[in-house]
Amino acid sequence: MARVLYPGSFDPITKGHMNVIDQASELFDEVVVAVLGNSSKKQGFFTLEERCEIIKEIYKNVSNVIVICDNGATVDIAQKYGCLAIIRGLRGISDYDYEVQMAQINKDISNGSVNTICLFADKEYQYISSSVVREVFGLGKEIDSYVEPTVKKRMLCKKNNVK
Ligand code: ADP
């Protein structure tokens, strides 16, 4: 069975991430979406648990998408969940250098056992990033084109301190 790991911060999950997840779930038997803490990024908009809950809610009816929250090295998580490769999304040349470097490091530190597969979001989703969503939302503008209604609802609740 071909299971892959799609790691990221997903703060919040966007239609760009979702397009990558949808492609991966058609190509592979199972996709493990891993919400990972990143010590170099400062405090996020959502907590890791909240991000995980939101993604679980969105994919609750998709049987081959599994959502987890973890921390540690991505290669260790890939091995822990029996994933044959890491999926990454490429938005453009700005992502490329970083992703090549990470792919090589991850292959190295896993003794050659964990490969990286890059996918491209369809063109209408390619420019979307979580940071742009947070910024547009912070300016009080509409984010409907970038995120699912569930995400927008949770962002509004968080902003207004509603549980
Ligand atoms: P970011 O905070 O930069 O949006 P994440 O860590 O949440 O990124 O992203 C996880 C993965 O999804 C990364 O490989 C990232 O490049 C990819 N990704 C994010 N948005 C898109 C998009 N619109 N199209 C393709 N890949 C994307």
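Atoms within a ligand are numbered from 1 in the order they appear, just like the ligands themselves.
- When non-hydrogen atoms are compared, ligand 1 lies under 4.0 Å from neither the backbone nor the side chain of Tyr127.
- Considering every non-hydrogen atom in both Ser145 and Ile128, the closest pair reads O-CD1, 4.2 Å.
- Taking only nitrogen or oxygen atoms, main chain and side chain alike, His17 reaches within less than 3.5 Å of ligand 1.
- Note that NZ of Lys60 and OG1 of Thr150 are 7.5 Å apart. Values are rounded to the nearest 0.5 Å.
- Neither the backbone nor the side chain of Ser131 comes within 4.0 Å of ligand 1, counting heavy atoms alone.
- Of all atoms in ligand 1, numbered sequentially from 1 with element shown, those under 4.0 Å from a heavy atom of Gly16 are 22 (C), 23 (N).
- For ligand 1, the polar-atom distance check finds no N/O of Pro7 at less than 3.5 Å from any of the ligand's N/O atoms.
- In Gln126, the part holding a heavy atom less than 4.0 Å from any atom of ligand 1 is the backbone.
- Through direct or relayed side-chain contacts under 4.5 Å between Ile, Leu, Val, Met, Phe, Trp and Tyr, Ile109 connects to Val75, Ile86, Ile105, Val114.
- Within the listing of ligand 1, atoms 11 (C), 12 (O), 17 (C), 18 (N) sit less than 4.0 angstrom from a heavy atom of Tyr6.
- Near Gly8, with a cut-off below 4.0 Å to any heavy atom, the atoms of ligand 1 are 6 (O), 10 (C).
- The shortest N or O to N or O distance between Leu119 and ligand 1 is not below 3.5 Å.
- Annotation: Tyr125 places an N or O atom under 3.5 Å from an N or O atom of ligand 1; distance criterion only.
- Residue pairs meeting the ring-ring contact (aromatic ring centres under 6.0 Å, His included) criterion with at least one member in residues 100-139, sequence neighbours excluded: Phe45-Phe137.
- For ligand 1, none of its N or O atoms has an N or O atom of Ser129 under 3.5 Å away.
- Residue-ligand proximity, Ser130 to ligand 1, at heavy-atom distances under 4.0 Å covers atoms 4 (O).
- Ligand-side atoms of ligand 1 in range of Phe10: 7 (O), range being under 4.0 angstrom from any heavy atom.
- When atom types are taken as modelled, the side chain of Asp29 and the backbone of Met1 share no donor-acceptor pair closer than 3.5 angstrom.
- Between Arg88 and Asp95 no salt bridge is recorded (no basic side-chain N to carboxylate O distance below 4.0 Å).
- Using a 4.0 Å cut-off between charged side-chain N and carboxylate O, Glu53 and Arg154 make a salt bridge.
- Side chain of Ser9 to main chain of Asp11: no donor-acceptor pair is present (N/O by atom type, distance under 3.5 Å, no hydrogens or angles).
- On a distance-only criterion, Ile128 and ligand 1 share at least one N/O pair closer than 3.5 Å.
- Although no hydrogens or angles enter the test, the distance criterion places a donor-acceptor pair under 3.5 Å between the side chain of Glu50 and the main chain of Thr47.
- Contact analysis puts Glu99 in contact with ligand 1, with a non-hydrogen atom separation below 4.0 angstrom.
- For atom 15 (C) of ligand 1, the candidate residues are Gly92, Ser94, Gly89; the nearest heavy-atom contact is made by Gly89.
- Across all their heavy atoms, Ala121 and Gln126 have their closest contact at O-NE2, 3.4 Å.
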